[in-house]
Amino acid sequence: VADSTANSDEEFNAETAATTPIGELAGIPPVADEPAEEVIIDDGTELGKTTGEDKPNVTPVKKNKKLAVPNFDAFRLRVALIILGVIALIVGWVFATKVLPKATVVIQTNSQVVKSNLSLTLNTAAKQLDEENKIVPATAQTQQKSYTQQIATTGQLNKGQKATGKVLLTNCSASGNTITVPTGTSVSSGGMTYITQSTAVLDTSAFTSGGVCKSLSDTSATVSVTALKPGVSYNIAASTFTLSLNNVTAKSSTAFSGGTDEIVKVVAQADIDAAKAKISAQDTAQLKQDMEAALRAKGFLPIPSTFLAGEQQVTPSANPGETADIVTVSAVVPYSMLGIKQLDLQALVVANVNEQIDSKKQKILDDGIAKAVFTQQTPGSATSAVVSVRAESVAGPELNVEELKKQVASKKANEIKQTIGALPGVTDVQVNYGPFWVSTAPKDTTKITITVVKPTTK
C-alpha cells in the first residue's frame, strides 16, 4: 500500500487534475454516452384524449403572495393622488376662508344737500381773494387762431357809359333875388339822378298876372347834365326834374341818351361781412377743451363760461367795389378764457355752507366744487368777468371709513349694526356677507367695503 501511495503521489499533477472529471479522479470508470431521455410535461388534456387513461393525480403548486414583487408604479400613483388631494383641500380651504369671503356695509345718515348761489367778480388785476366783495383773482389763458374763408362775390358794377342831356333851370323865387346853381348840383326824375356840369346864374324871377313863373332868358339857363351812374336806364324821355335848391325848377325838352350797360361782378361789403360771420361760426369746442386743459396744467380751475372770441383782424383779398368773382377773407381771432384757484372758490363755498349748517353736528362731506356750474352774468373781457356759480354741497356726520373697517373686522352682522348704528348721525346700517357660508366679516380689511350713502345732487 505504501508503495502504491507513493507512486500515486509521485504521479499526481495538479494542473492535469484541474481538468479531469471528479469520477475519474476517484477511480470510477466512465459511463458510455446514452441518449437523453425526453421528458414530456402534460397538463392532462392531451393524455385523456389520446389514450383514454385516467388523468394523473397532480396537485398544482400555489403561489406564495408574500413572495410576489410589489408594483411600485401603482404605489407612486396612489401617493401622488393623495398629495394632490391634500394640496387641493388646502387651496380650497384658503379660498373658502381667506380669498372668497367679503363683507359689504351700507350706512345711511342724516346728510343733507346745501346749495350755494354766489355772484363772483373775476379779475386778473386782483392779487388776493376778497371774500366780502366776492372778488376772485383770475388768470387769463389766451390763444390766437387763423382762419381763411372764401365767398363768391355778389356785388355788381356797371362799367358802361353814362347818359347825358340838357336841363332848363328857372328862377321862381318870389323874393326877387338872383339864384346861383353851382356845378355838381343834382337833379332827379323818376329815381334817376343827374349832375349839372356847369354853373348857372338865374336872375330875378318873373311871373304872369296869374302868378305863374315865366321861363325867360334872363331868369333861366340851360345846363348840361350827366347821369350819376352808367346804364341804359338813364336814357329817359323829356321830363321835369326836382332840385335840392328851393324855388328853382328844372325840365328837359329832349330825351337823354348815351347810357350803356357793361355789368361786372365786384366785392360787396356784405360779402366780407358774410365771410366774417362764417369765421365766427367755426366750431370752437376743441379749442375750449385745449384752453381748459392748459389752465388745469397751470393749477387753475377753468371757468368755461368766460370763453371769449375777440375782434377779428380781417384781411380781404379785394376791397369793396373792386372787381372779383371770389373774395378770400383771412382773419386772426384772439380767444381767451379765465381761470381761478380752486382753493379760492372752495373758501367762498365752504363759508356759505357753514352759515347754513350746525358745524358742531355736521361736517362738509363734499363741497360740490367738482360739479359747480358757472354762468356769465354780463359780457366780459379777456381780463375780467362777472359770473354766477351754483354748487351743491353735502353736509352730514363725518365717518372715517378706514377706521370703521378695522372696527367691524371679524364681527358678526348684529355686532356691526350695533357698533356703527351708535355713531352720531347714522340712521340705518345694512350688512351683507358673501359667499353664503360666510357669517362674519373678514379679518382682512381689504375684503370689507363700506359705503356711506350721500344725498343725491344734480
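The figures that follow rest on heavy atoms only: side chains count, while hydrogens, waters and symmetry mates do not.
Here the closest heavy-atom approach between residue S119 and residue K134 is recorded as O-CB, 3.3 Å. Nearest approach of P182 to L245, heavy atoms of both residues: CD-CD1, 4.4 Å. Across all their heavy atoms, P316 and V327 have their closest contact at CB-CG2, 4.3 Å. Closest approach of P442 to P101, counting heavy atoms only: CG-O, 3.5 Å. Closest approach of V329 and I279 over heavy atoms only: O-CD1, 4.2 Å. Scanning both residues, P304 and M337, for their nearest heavy atoms gives CA-CE, 4.2 Å.
For F374 and F307, the distance between ring centers is not under 6.0 angstrom.
Sorted by first and then second residue, the salt bridge (Lys or Arg N to Asp or Glu O under 4.0 Å) pairs involving residues 401-413 (not counting sequence neighbours) are E402-K405, E403-K406.
R296 is listed as a side-chain neighbour of P302, based on a closest heavy-atom distance under 4.5 Å. Using a 4.5 Å cut-off on side-chain heavy atoms (C-beta onward), K159 and V264 make contact. Contact of the L100 side chain with the W437 side chain is registered, since non-hydrogen atoms from C-beta on lie closer than 4.5 Å. Between I303 and L122, some side-chain heavy-atom pair lies under the 4.5 Å cut-off. With contacts defined as side-chain heavy-atom distances shorter than 4.5 Å, the pair P320/I272 qualifies. Side-chain contact between L348 and L120: present, with at least one pair of heavy atoms (C-beta onward) separated by less than 4.5 Å. Residues Y335 and M291 form a side-chain contact, since some pair of their non-hydrogen atoms from C-beta on lies under 4.5 Å apart. The closest side-chain heavy-atom distance from V105 to I416 is below 4.5 Å.
In terms of modelled atom types and a separation under 3.5 Å, the side chain of Q312 and the main chain of V314 share no donor-acceptor contact. A donor-acceptor pair is defined here as one N or O able to donate and one able to accept, closer than 3.5 Å; such a pair exists between the side chain of N235 and the backbone of G259. Side-chain N or O atoms of T375 include none that pairs as donor or acceptor with a backbone N or O of S388 at under 3.5 Å. S111 places no side-chain N or O within 3.5 Å of a backbone atom of P455 that could act as its donor or acceptor partner. Side-chain atoms of S330 never come within 3.5 Å of backbone atoms of T148 as a donor-acceptor pair (strictly under, hydrogens ignored). S381 places a side-chain N or O within 3.5 Å of a backbone atom of T383 that can act as its donor or acceptor partner. Q356 places a side-chain N or O within donor-acceptor distance of the main-chain N or O of K115, the cut-off being under 3.5 Å. The closest donor-acceptor contact from the side chain of E322 to the backbone of N319 lies under 3.5 Å. Judged purely by atom type and a 3.5 angstrom limit, N171 uses its side chain to pair as donor or acceptor with the backbone of D203. Between the T153 side chain and the V267 main chain, no donor and acceptor come within less than 3.5 Å of each other.
Under the 3.5 Å distance criterion, with hydrogens and angles disregarded, no donor-acceptor pair is assigned to the side chains of T328 and Q149. Under the 3.5 Å distance criterion, with hydrogens and angles disregarded, a donor-acceptor pair is assigned to the side chains of Q141 and K298. A donor-acceptor pair shorter than 3.5 Å cannot be found between the side chains of E262 and Q161. Defined by atom type and a distance below 3.5 Å, a donor-acceptor pair is missing between the side-chain atoms of T193 and S186. Checking S224 against K166 by side-chain atom types alone, a donor-acceptor pair falls below 3.5 Å. Defined by atom type and a distance below 3.5 Å, a donor-acceptor pair is present between the side-chain atoms of T199 and T183. A donor-acceptor contact under 3.5 angstrom links the side chains of D271 and T154, judged on distance only.
A distance of 6.0 Å separates OG of S393 from CD1 of I364, quoted to the nearest 0.5 Å. Taking NZ from K278 and OG from S280, the interatomic distance works out to 12.5 Å, rounded to the nearest 0.5 Å. Rounded to the nearest 0.5 Å, atoms CG (N123) and CD1 (I340) are 12.5 Å apart. For the atom pair CG (D367) and CG (N352), the distance works out to 12.0 Å, reported to the nearest 0.5 Å. Taking OG1 of T139 as the reference point, atom CG of L301 lies at 12.5 Å (rounded to 0.5 Å). Taken from CG in N354 to NZ in K363, the straight-line distance is 8.5 Å, to the nearest 0.5 Å.
Remark: D444 does not engage K447 in a salt bridge, criterion side-chain N to carboxylate O under 4.0 Å.
For Q346, the CD atom sits in a packed shell: over 12 heavy atoms of surrounding residues, nucleotides or ligands are nearer than 6.0 Å. Shown here is K265, whose NZ atom has more than 12 heavy atoms of other residues, nucleotides or ligands within 6.0 Å. Counting non-hydrogen atoms of neighbouring residues, nucleotides and ligands closer than 6.0 angstrom, the CD atom of E398 reaches no more than 12 such neighbours. Taking a 6.0 Å sphere around NZ of K102, one finds it holds more than 12 heavy atoms contributed by other residues, nucleotides or ligands.
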(message) Test side chain to side chain donor-acceptor pair (under 3.5 Å) on Q286 and D290; report intermediate values, then the result.
(response) CA-CA 6 Å; Q286 185 60 51; D290 294 341; 3.0 Å; yes

(request) Would you please test V387 and Q377 for side-chain contact (heavy atoms from CB on, under 4.5 Å) and show each step? (result) CA-CA 5 Å; V387 300; Q377 289 186 346; 5.6 Å; no

(message) Applying side chain to side chain donor-acceptor pair (under 3.5 Å) to T419 and Q407, what does each step give before you reach the verdict?
(response) CA-CA 8 Å; T419 300; Q407 294 180 26; 5.9 Å; no

(message) Please determine whether side-chain contact (heavy atoms from CB on, under 4.5 Å) holds for the pair L169 and V167, giving the CA-CA distance in whole Å, both sets of side-chain angles, and the decisive distance to 0.1 Å.
(response) CA-CA 6 Å; L169 303 176; V167 174; 3.9 Å; yes

(request) Before giving the answer on side-chain contact (heavy atoms from CB on, under 4.5 Å), spell out for Y433 and T104 the whole-Å C-alpha distance, their side-chain angles and the decisive distance to 0.1 Å. (result) CA-CA 6 Å; Y433 297 129; T104 301; over 6 Å; no

(request) Show your reasoning for whether side-chain contact (heavy atoms from CB on, under 4.5 Å) applies to L202 and T170. (result) CA-CA 7 Å; L202 308 178; T170 302; 5.7 Å; no

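Classified by interplanar angle (parallel below 30°, tilted 30° to 60°, perpendicular above 60°), the ring pair Y194/Y234 is perpendicular.
Here Q108 pairs with T427, D428, V453 under the side chain to side chain contact (heavy atoms under 4.5 Å, CB included) rule; sequence neighbours left out. Residues passing the side chain to side chain donor-acceptor pair (under 3.5 Å) test with D273 are Q269, sequence neighbours excluded.
Under the side chain to side chain contact (heavy atoms under 4.5 Å, CB included) test applied with T196, the options T185, L243, T226 reduce to a single match, T185. Shown are L399, V408, V431; of these, the side chain to side chain contact (heavy atoms under 4.5 Å, CB included) with I420 is made only by V408.
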